[in-house]
Amino acid sequence: MTDFLDRILEIFISDLLPETEISVSKGNKIFGAFALKKNYDFLCIGTNNEIINPLFHGEVSTIFNLFKKNNINPKDYYFVSSHQPCSLCLSAIAWAGFDNFYYLFPYEDTKNSFNIPHDLKILEEIFNIKKGNYIKSNKYWDSFFIIEEVNKINDDFTKNNLLQKIKKINESYLELSKKYQKNKENNNIPLN
């Protein structure tokens, strides 16, 4: 598990964050995701592209990118999202056939730290799910909060190393969020 967590945090730093920076510079939100083959081979990435289509969330873009490849079995992949997936993306992950997903930032961070409250509002208003408390392990997939997984590690040195990477990633997302918030009125995204 330690190697897996280190691998996904490295993909955040080296691949997802640079792509997210490009996406945010175009006016998109900060959300992104990637698919990692269960043998840890990195396969594809996606970022939010709501300026083109309001349904092109980071997770949905990743799924589109993955299925452009041949002979894909989603059960062979880990699905990793920057933020806890919204109701649209939860459904997309299930419909695509993934049996898992991991996320770095929970809904409360999305709402409070990144000032994007729509995930929690939609879950509550449409699905009557309070505080994002959907069933985290169900017949479609098991979901995992990356920070909780890191905190299960018994080796303090390894855990602290991973937590430092998470801190670096968090700082980068906070900066990207500031850029998005500053320019969001000009992007024509319905729920900005």
Side-chain angles (χ1 to χ4, degrees), residues 5 7-37 40-69 72 74 77-98 100-107 109-111 113-120 122 141 143-147 165-192:
L5 293 169
R7 178 78 172 113
I8 63 174
L9 294 175
E10 285 300 322
I11 292 171
F12 267 99
I13 293 167
S14 63
D15 297 283
L16 186 56
L17 276 166
E19 289 296 319
T20 303
E21 188 167 347
I22 293 167
S23 180
V24 169
S25 73
K26 295 176 182 176
N28 290 296
K29 291 188 184 96
I30 59 175
F31 307 126
F34 57 89
L36 177 67
K37 200 146 190 188
Y40 299 170
D41 283 344
F42 174 58
L43 186 60
C44 79
I45 198 166
T47 58
N48 188 288
N49 200 7
E50 287 181 88
I51 60 170
I52 300 297
N53 183 321
L55 299 181
F56 288 167
H57 291 200
E59 295 89 343
V60 172
S61 294
T62 300
I63 292 167
F64 278 133
N65 292 340
L66 181 66
F67 279 90
K68 287 178 185 175
K69 310 208 182 276
I72 297 300
Y77 295 87
Y78 296 110
F79 192 89
V80 183
S81 181
S82 61
H83 296 72
Q84 194 169 8
C86 71
S87 56
L88 169 72
C89 296
L90 290 171
S91 295
I93 291 166
W95 279 104
F98 290 95
N100 71 84
F101 69 87
Y102 290 77
Y103 61 91
L104 187 55
F105 300 107
Y107 292 133
D109 284 355
T110 303
K111 176 185 168 196
S113 299
F114 304 112
N115 195 27
I116 304 172
H118 312 299
D119 300 347
L120 285 172
I122 289 171
W141 37 248
S143 67
F144 303 93
F145 178 26
I146 294 169
I147 295 172
K165 288 181 182 184
I166 290 170
K167 181 180 177 189
K168 178 180 178 180
I169 294 166
N170 184 54
E171 289 168 355
S172 296
Y173 273 103
L174 288 170
E175 285 303 312
L176 289 170
S177 180
K178 287 178 191 174
K179 290 178 185 176
Y180 168 73
Q181 292 297 330
K182 181 180 175 186
N183 297 311
K184 72 181 183 179
E185 298 303 322
N186 301 321
N187 64 13
N188 291 328
I189 296 173
L191 295 178
N192 64 14

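Only heavy atoms go into these numbers, but all of them, side chains included; no hydrogens, no water, no symmetry mates. Throughout, residue positions are numbered sequentially from 1 according to the sequence presented.
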Using a 3.5 Å distance criterion without hydrogens, assess whether the side chain of [X] forms a donor-acceptor pair with backbone atoms of [Y].
{"X": "S177", "Y": "L174", "answer": "no"}
{"X": "N183", "Y": "G27", "answer": "no"}
{"X": "N49", "Y": "S23", "answer": "no"}
{"X": "N100", "Y": "F79", "answer": "yes"}
{"X": "N48", "Y": "I30", "answer": "no"}
{"X": "T47", "Y": "G32", "answer": "no"}

Inset, instruction - Sorted by first residue and then second, give each salt bridge (charged side-chain N to carboxylate O under 4.0 Å, His left out) pair with at least one member in residues 165-174; sequence neighbours left out. - result: D6-K165, E10-K165
Any [X] side-chain heavy atom under 4.5 Å of [Y] side chain:
{"X": "F31", "Y": "I116", "result": "yes"}
{"X": "E21", "Y": "K179", "result": "yes"}
{"X": "L66", "Y": "Y77", "result": "yes"}
{"X": "F105", "Y": "N170", "result": "yes"}
{"X": "T20", "Y": "Y173", "result": "yes"}
{"X": "F56", "Y": "E50", "result": "no"}
{"X": "I169", "Y": "L16", "result": "no"}
{"X": "L104", "Y": "I147", "result": "yes"}

Heavy atoms only: give me the nearest [X]-[Y] pair and the separation to one decimal.
{"X": "H83", "Y": "T110", "result": "CD2-OG1, 3.4 Å"}
{"X": "A33", "Y": "G58", "result": "CB-O, 4.1 Å"}
{"X": "L90", "Y": "P85", "result": "CG-O, 3.5 Å"}
{"X": "T62", "Y": "C44", "result": "O-SG, 3.6 Å"}

Inset, instruction - Could I get the full list of side chain to side chain contact (heavy atoms under 4.5 Å, CB included) partners for S87, not counting sequence neighbours? - result: I122, L123, F127
For this output row, return yes or no: ring centroids of [X] and [Y] closer than 6.0 angstrom.
{"X": "Y103", "Y": "F145", "result": "yes"}
{"X": "Y180", "Y": "F114", "result": "no"}
{"X": "W141", "Y": "F98", "result": "no"}

Inset, instruction - Take L55 and L88 through the side-chain contact (heavy atoms from CB on, under 4.5 Å) test and state the conclusion after the steps. - result: CA-CA 8 Å; L55 299 181; L88 169 72; 4.2 Å; yes
Legend entry - Test side-chain contact (heavy atoms from CB on, under 4.5 Å) applied to R7 and L36, step by step: CA-CA 9 Å; R7 178 78 172 113; L36 177 67; 4.1 Å; yes
Inset, instruction - Mark yes when over 12 heavy atoms from residues, nucleotides or ligands other than F64 sit less than 6.0 Å from its CZ; otherwise mark no. - result: no
Legend entry - Nearest-0.5 Å distance that lies between atom CD1 in I146 and atom CG in L5: 7.5 Å
Inset, instruction - Before giving the answer on side-chain contact (heavy atoms from CB on, under 4.5 Å), spell out for V80 and I11 the whole-Å C-alpha distance, their side-chain angles and the decisive distance to 0.1 Å. - result: CA-CA 10 Å; V80 183; I11 292 171; over 6 Å; no
